[in-house]
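These notes concern the structure reproduced below.
Computed from a predicted model, the values in this text were never measured in an experiment. All ligand and atom numbering here is 1-based and tracks the order in the structure.
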Amino acid sequence: MTRVDRTMLRGKAQTVTGLVDPEALGPTLMHEHLIWDIRTPQMAVMADQGPEIALCNCFRINYGRLKVPNNLVSRSIDIACEEVGKMVAAGGRSIVELSCGGLKPDPEGLAEVARRSGSLIVMGCGHYVHDYQDRANDTRSVDSFAAEIISQIFEGAWGSSIRAGIIGEIGCQVPWTPLERRVLQGALIAQAETGASVNIHPGRHEDQPQEIAEFVASHGGDIGRTILSHIDRTIFDEYRLLQLADTGCVIEFDLFGQEQSFYSWGDIDMPNDAARLKSIRTLIDHGHLDRIVISHDICYRTRLSCFGGHGYGHIYENVVPLMQSRGFSASEIDAILINTPKRLLTFI
Ligand SMILES: [Zn+2]
């Protein structure tokens, strides 16, 4: 692949296998991981990576009380192809893959998965949360991050010639570290320079999505092309949800398929899919239909169908019928699964 510029990107979506007409994207999962490693640096070097996942332990591992490093990493192209193939069979078409800096991105692997599975894959770029980043990032400037992200979109990412089609997931934590703020500022400069959307992973505190949305707006970001991820594990009240939507950002419910109330990364009551749909209905009833996207954010092997999980087809197989039976109209479902992703993935 060759270098592209802003003019070439405008009006197109950029997948790992090249530029496409955004009409070709179809039903799109906006936040997934296909080839990933979300082990913390400490976990990655542990001598005991835990048992192999099997029928007798997949529930316990997936539930999360039993934390097994082995579950937090998947590098198999064959498994990714098989799992994405099942999503295509269930009616899905495109996937946004957000394994960015710190999560061991594999652009060549994603291109192979796209070719073999018949899906379109849009790759993210930039850096995940502080602790996962290369420590060489600690002394880097905003401009250095901006230049890196711009080149990942125009030239190629992570040493490959495969170009990113979205920025993110940009990692933030609570407390929000100076490094994470510099990366986000760099991402906003790159957004202005390239016309890409930005996906942001907020820290696990109910006020942080709002803090980030206000930061984006006050630092020259395009709030309407800024997606706040993981709202279903972060905000639990209508006031905060509507206040966040009023900023004009895109709200992402991306843990569909995780249905246990227990959440291993924090002391919250995790909603199930039906409760997620109630929050989405609240947003729609307040005029926010065009700023909602959904996904599974699969980053545990136990959530893949070959390890006993729901797989990438879950939204099409199970959530769409639930939406239909809960009174969501066809045009509302299309807005969430097709039209808003298409808008966000089309370079401006
Ligand atoms: Zn993610």
Side-chain angles (χ1 to χ4, degrees), residues 16 28-40 43-44 62 64 69 71-75 80 83-84 87 92 94-107 109-110 113 121-133 149 152 157-158 164-174 180 183-184 187 196-204 208-209 212 226-235 249-258 263-266 268 270-271 276 292-304 309-312 314-315 341 344-345:
V16 292
T28 303
L29 300 175
M30 285 296 288
H31 189 141
E32 300 295 342
H33 302 277
L34 302 178
I35 306 169
W36 76 84
D37 187 348
I38 60 150
R39 293 174 300 178
T40 60
M43 269 181 179
N62 189 53
N71 192 35
L72 306 182
V73 52
S74 182
R75 311 299 305 169
E83 296 285 327
V84 173
M87 179 210 72
S94 299
I95 296 182
V96 173
E97 215 284 3
L98 294 177
S99 304
C100 60
L103 300 175
K104 301 210 174 67
D106 179 1
L110 294 183
V113 174
I121 298 174
V122 174
M123 178 175 73
C125 62
H127 297 277
Y128 190 56
V129 299
H130 187 115
D131 294 350
Y132 287 73
Q133 290 185 42
I149 294 170
Q152 290 175 329
W158 316 116
I166 189 168
I167 302 166
E169 56 185 300
I170 299 299
C172 305
Q173 298 175 112
V174 176
E180 290 168 339
V183 173
L184 180 54
S197 292
V198 181
N199 184 301
I200 303 172
H201 162 114
R204 295 181 190 91
Q208 214 200 20
I212 292 170
T226 299
I227 304 150
L228 268 295
S229 282
H230 315 324
I231 294 306
D232 31 359
R233 61 96 165 116
T234 316
I235 291 180
C249 72
V250 177
I251 297 199
E252 186 176 273
F253 293 87
D254 51 24
L255 296 169
F256 273 93
Q258 283 213 309
Y263 181 65
S264 68
W265 302 97
I268 59 163
M270 186 78 136
R276 292 180 176 99
I292 303 163
V293 291
I294 64 176
S295 213
H296 310 97
D297 190 17
I298 290 181
C299 52
Y300 304 150
R301 287 203 281 160
T302 47
R303 297 181 64 199
L304 298 173
H310 53 75
Y312 302 103
H314 174 71
I315 282 178
L344 293 166
L345 297 175

Is there a side chain to side chain contact (heavy atoms under 4.5 Å, CB included) between His201 and Glu180 once you walk through the steps?
-> CA-CA 11 Å; His201 162 114; Glu180 290 168 339; over 6 Å; no
Quick one: which of Glu252, His296, Glu97 gives a side-chain hydrogen bond (donor to acceptor under 3.5 Å, both in side chains) with His31?
->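 The residue from Glu252, His296, Glu97 that satisfies side-chain hydrogen bond (donor to acceptor under 3.5 Å, both in side chains) with His31 turns out to be Glu252.
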Before giving the answer on side chain to side chain contact (heavy atoms under 4.5 Å, CB included), spell out for Trp36 and Asp106 the whole-Å C-alpha distance, their side-chain angles and the decisive distance to 0.1 Å.
-> CA-CA 8 Å; Trp36 76 84; Asp106 179 1; over 6 Å; no
What do the steps show when you test Gln258 against Arg233 for side chain to side chain contact (heavy atoms under 4.5 Å, CB included), and what is the final call?
-> CA-CA 11 Å; Gln258 283 213 309; Arg233 61 96 165 116; over 6 Å; no
Would you say Tyr132's side chain and Leu103's backbone share a donor-acceptor pair under 3.5 angstrom?
->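 Side chain of Tyr132 to backbone of Leu103, a donor-acceptor pair under 3.5 Å: no, none is there.
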Work out how many protein N, O or S atoms lie closer to the Zn ion (ligand 1) than 2.8 Å.
->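 Atoms of protein N, O or S type lying less than 2.8 Å from the Zn ion (ligand 1) total 4.
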So among Val96, Ile167, Ile166, Val250, which one has a side-chain contact (heavy atoms from CB on, under 4.5 Å) with Ser197?
->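 Result for side-chain contact (heavy atoms from CB on, under 4.5 Å) with Ser197: Ile166.
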